[in-house]
Amino acid sequence: MVRQASKPTIALIKGFCMGGGFGLVAACDLRLSNEAGKFGIPAAKLGIGYPTRAIADVVSIVGPANAREIYLTAKVYSAAEAQRIGFLNGVFADESFDAEAAAYCQSVARLAPLSASYHKAGINNAIAQEGCICLDALFAMASTCLDSEDYKEGRRAFAEKRAPVFEGR
């Protein structure tokens with residue numbers, strides 16, 4: 001499942017992101033859109049209820065007040081509005097979206113994978129996300145990071161004033 005992936009998940013959105021698509025990208029860690037993006041959940045216009053986990057994802061991203069507006073009004077948000085309420089992490093110009101989104105993704109991919117997995121687990125624990133792990137497991141993950149070759153590489157790279165090359169070990 002997307003929300004439980006150990007690696008960072010990034011949704012790249014061009015154009016409409018409504019209903020189930022909105023729920024899918026809400027399960028991702030990060031969300032990027034082009035300026036033309038449109039967002040919303042039309043459940044109230046259709047007479048249906050969205051899955052509880054999907055609602056929890058949205059609440060954890062935008063907070064209860066904004067989630068209420070999303071679900072209870074069936075409003076369609078522009079990309080700028082979706083970013084303003086905290087749903088989007090970035091909005092890029094339509095003509096440069098592919099290049100800017102790729103650069104963003106590459107910047108995330110270059111970071112330490114063990115650290116990313118630990119921080120995802122810690123955040124999920126903090127918001128009581130389904131599938132979160134116990135504190136003992138989180139402490140063990142943190143220790144693994146400190147004992148890792150990646151941590152040694154990060155310190156060496158910092159001292160040598162160069163970009164680190166992480167291998168996930």
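Quick caveat, the model's predicted, so the values are computed rather than measured.
No side-chain heavy atom of E153 sits under 4.5 Å from any side-chain heavy atom of E167. Within the 4.5 Å cutoff, the side chain of V76 has heavy atoms near those of the M18 side chain. Taking 4.5 Å as the limit, every side-chain heavy atom of F92 sits out of range of all side-chain heavy atoms of N34. Residues V58 and F22 are in side-chain contact: their nearest non-hydrogen atoms beyond the backbone lie under 4.5 Å apart. Two residues are said to be in side-chain contact when any heavy atoms from C-beta on lie closer than 4.5 Å; L88 and L32 fail this criterion. With a 4.5 Å cut-off on side-chain heavy atoms, N89 and Y104 count as touching. At least one side-chain heavy atom of Y77 sits less than 4.5 Å from a side-chain heavy atom of E69. Looking at F158 and P164, their side chains never come closer than 4.5 Å, going by heavy atoms from C-beta outward.
Considering all non-hydrogen atoms of both residues, V59 and A67 come closest at CG2-CB, 3.6 Å. In plain terms, the two heavy atoms of S33 and A79 that are nearest each other are OG-CB, 3.9 Å. The minimum heavy-atom distance linking V25 with A11 is given by the pair CG1-CB, 3.5 Å. The minimum heavy-atom distance linking C28 with V2 is given by the pair SG-CG1, 3.7 Å. In terms of heavy atoms, Y50 sits closest to G20 at OH-N, 3.7 Å.
Atom CG of residue D29 and atom NE2 of residue H119 lie 13.0 Å apart, to the nearest 0.5 angstrom. In this structure, SG in C105 is found 12.0 Å from CD in E100, a value given to the nearest 0.5 Å. Rounding to the nearest 0.5 Å places CD1 of I127 at 5.5 Å from CG of N124. The structure places CD of E35 at 7.5 Å from OG of S96, a figure rounded to the nearest 0.5 Å.
Classification of K14 and D98 as a salt-bridged pair holds, one side-chain N sitting under 4.0 Å from a carboxylate O.
Surrounding NZ of K7 are at most 12 heavy atoms belonging to other residues, nucleotides or ligands under 6.0 Å away. Residue R68 places its CZ atom among 12 or fewer non-hydrogen atoms of other residues, nucleotides or ligands, all under 6.0 Å distant.
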Margin query: Using side chain to side chain contact (heavy atoms under 4.5 Å, CB included), reason through S6 and K120 one step at a time and then give a plain yes or no.
Written below: CA-CA 7 Å; S6 63; K120 282 186 62 154; over 6 Å; no
Note to self: Applying ring pair (Phe, Tyr, Trp, His ring centres under 6.0 Å) to F16 and F39, what does each step give before you reach the verdict?
What the structure shows: CA-CA 6 Å; F16 282 86; F39 300 84; 9.2 Å; no
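N125 contributes no side-chain N or O that, together with a main-chain N or O of A121, makes up a donor-acceptor pair within less than 3.5 Å. In this structure a side-chain-to-backbone donor-acceptor pair under 3.5 Å is missing from S117 to L114. Side chain of Q83 to backbone of A80: no donor-acceptor contact under 3.5 angstrom is found.
The hydrophobic clustering, which links ILVMFWY residues whose side-chain heavy atoms are closer than 4.5 Å, places L146 and F166 apart. A continuous path of ILVMFWY side-chain contacts below 4.5 Å connects Y71 to L46, so both sit in one hydrophobic cluster. Under the 4.5 Å side-chain heavy-atom criterion for Ile, Leu, Val, Met, Phe, Trp and Tyr, L30 and I85 are members of distinct hydrophobic clusters. In this structure, L24 is not a member of the same hydrophobic cluster as I13, with clusters built from ILVMFWY side-chain heavy atoms closer than 4.5 Å. Connection of I10 to F97 is established within a shared hydrophobic cluster, with ILVMFWY side chains joined at heavy-atom distances below 4.5 Å, either directly or through further cluster members.
Exactly one residue among I61, T9, L12 makes a side chain to side chain contact (heavy atoms under 4.5 Å, CB included) with R31. That residue is I61.
Within the structure, every pair that satisfies the side chain to side chain donor-acceptor pair (under 3.5 Å) test and touches residues 139-151, not counting sequence neighbours, is listed here: E149-K152.
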